[in-house]
**Q** 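I'd like to ask you about the structure that follows.
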Amino acid sequence: SIASAKNTLEWMMLSSMCSTVPPLIWINMALEEESMNPTEVKMSQIVMPCHSNHRQELSVGQLLKWIDSTACLSAERHAGSPCITASMDDINFEHTISVGMVVNIKAKVNRAFNTSMEVGIQVSCEDLFYDRHWRVCHAYATFVTQRTSNGQKVPLKPIIPRTQREQIEYSVAAERRRVRMVHDEIIKDLLFHSSIQQGDNSEVGNAVAAVKTKVESVELVLPPHANHQENTFGGQIMAWMVNVATIAASRLCQDHPILRTIDMFTFRGPSQIGDRVLLRAIVNNAFKNSMEVGVRAEAYQGEGPNRHINSAFMTFEVLDDHGKPCTLPHIRPEPLEGERRFQEAIARKKIRLDRKYIISRTQGEVPLSVPWEPRNQVYLSYNNVSALKMLAAQNNWCLNSEKDQVRLYTLERKSVLSFRVESEVNIPAHRAFCLLAELRNRPSWDTHYQKCELIHWVDEDDFLYRVVTPSGEGVLQDFILLASKRKPCSSGDPYVIALRSVSLPTHPPTDAYNRGEVLCAGFTILESKNDMSLISYYNKASPEVFPYISTDIAGLSSSFYHTFCSCSQYLTKNRLQFNSQEERSTSFDSLTS
């Protein structure tokens, strides 16, 4: 391959210089080589006219082929065996790439689960004449190994993060996997519980019948379209899907649309050389400045049945001469199936907005609390846990004080002060997790919690609480918190209890309480030796929390030390009670089994 040839050439060059390179430089080079991720694969391509569209810009279909190839090489480097694209997360294209520019793609495995792995892909553009670089998109793909000859799945070796960034990606990958697994259910749940309304486009005079945007095309899978396993490249299928989607969008707007987003999609099955791939596309819905196109890909051979191999939803825009989005004509859906697709497109747009709204929130905005709704619960929970994991993965914490093995760390970044209090406690991690996850018991050991009531039990992992705390101004404060708990995804992962503020229309702020907000807080609990647990508490200090910790950080008080000692005593005291309850449960299970 190009990468191996390049490495061989570099080694030959280095070997020829070995008599003149000082030992210290060799050591530095060796350390730099060791720090490189062994799964990282890079691809650079100059954009030629054959890769471009009518605007002399790189076609998205060609870019997707390069992305898929690079990600597959990274996955196979880790697995040591042939790999298949299983799914691709949302891709948002931020910039276009002109002919003559260079596309740089970097892919590496973020985390390997039992038989699947997540590959992170970064795409950037390079202007060779002005030495400028900018990001084009960032994507996550899931790959699985090809089954053995007897149909067995190939287990994967774990990834060992080497840098802080890799540790963050490794930790958050478990949350992204969780969202993927419930992605389809989110749409179904939203459609079932929500009354989605949109104006009746059938009465609009200039509404375009959706049937006019229908596209159907057949492609024959030839050897150049296949990989070394003789399966059609996932990137090739995506490129064909983008092609028919673009034609459908053009039929609505009668212009040249720009692809902005591809929603998360899953490959349902493979196709091989000799297959005919049938592609169908139609505009599902048109909004003011954007439209959603649905694409379905099926494969068949000869007179055999059609196999559904993929479906995707793509969002297009049309820009005017000033680069501003144009207003699009209305769409008139077909009866029954067309109306279903029309409504589902509205649901997907709502989910995109919710996801973007939650992710784009910055700590400088006020208010920080995002409104909680069932439709955005999955993304709020993801944001909650991911924020805590990213905070915990920071490697520049400064030890501020230590007393009886209770350590207080601080972290200052972009005018935000965070702190971490941690100590080892004589209790197994899973028992500490169960005790600390029940937030209603926290007032018994934390003087900062005067009252804690459960507002809503969302599911087994997420809960909404109202917490009342004392205030130095003589007026009580209250918080509306989303508590999200997670068990370890694999060996070496901590238990996680994440807390963040949300807003609820049923619990608005009142004059009797000052409404406070928690940016990011919670516990990580890591199994230690001899049934011990390393318990760490994190908090990004909001104005409501800062008065409690400023004296501790300055060394004028030790309130957090006493609080943590009280927490340790609570866990130790309830460990025996937890043991007896667990023993009774085990005995009952043995009698009833």
Side-chain angles (χ1 to χ4, degrees), residues 167-168 171-172 174-175 178 358 361 363 368-370 372 377-394 397 406-411 413 416-423 425 427 429-443 445-446 448-449 452 454-455 457-467 469 479-489 493-502 516-527 533-542 544-546 548-549 560 563-564 566-568 570-571:
Q167 179 60 50
I168 291 173
S171 184
V172 180
E175 283 303 301
R178 181 187 178 93
I358 293 166
R361 282 283 185 167
Q363 292 177 355
L368 292 160
S369 298
V370 175
W372 181 91
Q377 160 57 28
V378 171
Y379 304 112
L380 274 173
S381 180
Y382 164 81
N383 178 277
N384 192 16
V385 176
S386 299
L388 182 61
K389 286 185 173 182
M390 287 190 283
L391 181 61
Q394 300 296 324
W397 290 92
V406 177
R407 296 171 292 276
L408 173 63
Y409 295 85
T410 56
L411 173 69
R413 175 164 292 184
V416 176
L417 176 66
S418 304
F419 66 89
R420 177 180 103 211
V421 187
E422 71 177 20
S423 181
V425 180
I427 184 174
H430 72 279
R431 295 173 187 165
F433 173 70
C434 292
L435 289 167
L436 292 175
E438 180 45 81
L439 221 60
R440 286 175 293 184
N441 291 336
R442 188 160 169 176
W445 58 267
D446 188 351
H448 302 106
Y449 271 51
C452 181
L454 178 65
I455 297 174
W457 188 88
V458 181
D459 53 38
E460 293 183 354
D461 296 323
D462 296 280
F463 309 85
L464 293 169
Y465 292 94
R466 177 175 177 267
V467 175
T469 67
F479 300 80
I480 306 300
L481 299 181
L482 170 65
S484 304
K485 63 179 185 177
R486 299 286 190 273
K487 293 180 180 179
C489 185
D493 283 358
Y495 291 85
V496 175
I497 305 167
L499 305 171
R500 63 157 295 161
S501 284
V502 294
E517 293 189 322
V518 172
L519 311 182
C520 172
F523 294 91
T524 63
I525 306 163
L526 192 61
E527 190 78 55
S533 298
L534 178 64
I535 299 178
S536 305
Y537 176 73
Y538 298 85
N539 199 315
K540 280 188 178 180
S542 61
E544 294 83 8
V545 177
F546 189 78
Y548 295 109
I549 66 168
F560 269 90
T563 301
F564 214 84
S566 179
C567 175
S568 179
Y570 161 75
L571 295 174

**Q** Do V502 and N384 have side chains that get closer than 4.5 Å, going by heavy atoms?
**A**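 Of all side-chain heavy-atom pairs linking N384 with V502, none is under 4.5 Å.
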**Q** At what distance, to the nearest 0.5 angstrom, does CZ of R466 lie from CG of L481?
**A**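 Here the rounded value is 11.0 Å.
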**Q** Check the pair Y495, K487 against side-chain contact (heavy atoms from CB on, under 4.5 Å), reporting the backbone distance first and the verdict last.
**A** CA-CA 5 Å; Y495 291 85; K487 293 180 180 179; 4.1 Å; yes
**Q** How close do K389 and A174 get, counting heavy atoms only, and between which atoms?
**A**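 Heavy-atom minimum between the residues: NZ-CB, 3.9 Å.
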**Q** Going from CG on D461 to CD on Q377, what distance comes out if it is rounded to the nearest 0.5 angstrom?
**A** 9.5 Å
**Q** So, taking the atom named CG in L499 and the one named CG in N539, what distance separates them when rounded to the nearest 0.5 Å?
**A**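 The distance works out to 8.5 Å.
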**Q** Identify the residue among R500, R178, E175, R486 that makes a side-chain hydrogen bond (donor to acceptor under 3.5 Å, both in side chains) with S381.
**A**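 Between S381 and the candidates, side-chain hydrogen bond (donor to acceptor under 3.5 Å, both in side chains) is satisfied uniquely by R486.
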**Q** On a heavy-atom basis, which atom in E517 and which in F479 lie closest, and how many Å separate them?
**A**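 The pair with the smallest heavy-atom distance is N-CE2, 3.4 Å.
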**Q** Do L408 and F564 have side chains that get closer than 4.5 Å, going by heavy atoms?
**A**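 In short, these two side chains do not touch, never coming nearer than 4.5 Å.
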**Q** Using side-chain heavy atoms (C-beta onward) and a distance below 4.5 Å, is L439 in contact with F463?
**A** no
**Q** Can I497 and I525 be said to form a side-chain contact (heavy atoms from CB on, under 4.5 Å), step by step?
**A** CA-CA 9 Å; I497 305 167; I525 306 163; 4.3 Å; yes
**Q** Which pair of heavy atoms, one from T524 and one from P494, lies closest together, and at what distance?
**A**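 In this case the closest contact between T524 and P494 is CB-CB, 4.2 Å.
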**Q** Which atoms form the tightest heavy-atom contact between V172 and S386, and what is the distance?
**A**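 That closest heavy-atom pairing would be CG1-OG, 3.5 Å.
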**Q** Donor-acceptor pair, T563 side chain versus D446 backbone, under 3.5 Å?
**A** no
**Q** Any chance you could measure Y570, atom OH, to L435, atom CG, to the nearest 0.5 Å?
**A**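 Result: 4.5 Å between the selected atoms.
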**Q** Kindly say whether W445 contributes a backbone atom to a donor-acceptor pair with the side chain of S566 at under 3.5 angstrom?
**A**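 At least one qualifying donor-acceptor pair exists.
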**Q** Hey, does V467 have a side-chain heavy atom less than 4.5 Å from the side chain of V518?
**A**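 Side chain of V518 against side chain of V467, heavy atoms only: no contact under 4.5 Å found.
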**Q** Can you find a pair of side-chain heavy atoms, one from W397 and one from L391, that are under 4.5 Å apart?
**A**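 Side chain of W397 against side chain of L391, heavy atoms only: contact under 4.5 Å found.
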**Q** Please report the closest heavy-atom contact between S484 and D462, naming both atoms and the distance.
**A**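 Shortest heavy-atom separation between S484 and D462 comes out as OG-OD1, 2.6 Å.
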**Q** Between the main-chain N or O of L519 and the side-chain N or O of K540, is there a donor-acceptor pair closer than 3.5 Å?
**A** no
**Q** Are side-chain heavy atoms of F523 and S536 found at a separation under 4.5 Å?
**A** no
**Q** Once you round to the nearest 0.5 Å, how far does CD1 of I480 lie from CG of L464?
**A** 8.5 Å
**Q** Once you round to the nearest 0.5 Å, how far does CD of E527 lie from CZ of F433?
**A** 13.0 Å
**Q** Given side chains that start at C-beta, do those of R440 and Y465 come closer than 4.5 Å, heavy atoms only?
**A** yes
**Q** Mind listing the closest non-hydrogen atom pair of I427 and L571 along with its distance?
**A**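 Heavy atoms only, the tightest pair is CD1-O, 3.7 Å.
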**Q** Would you call L436 and C567 a side-chain contact if the rule is heavy atoms closer than 4.5 Å?
**A**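 Yes. Closest side-chain heavy atoms under 4.5 Å.
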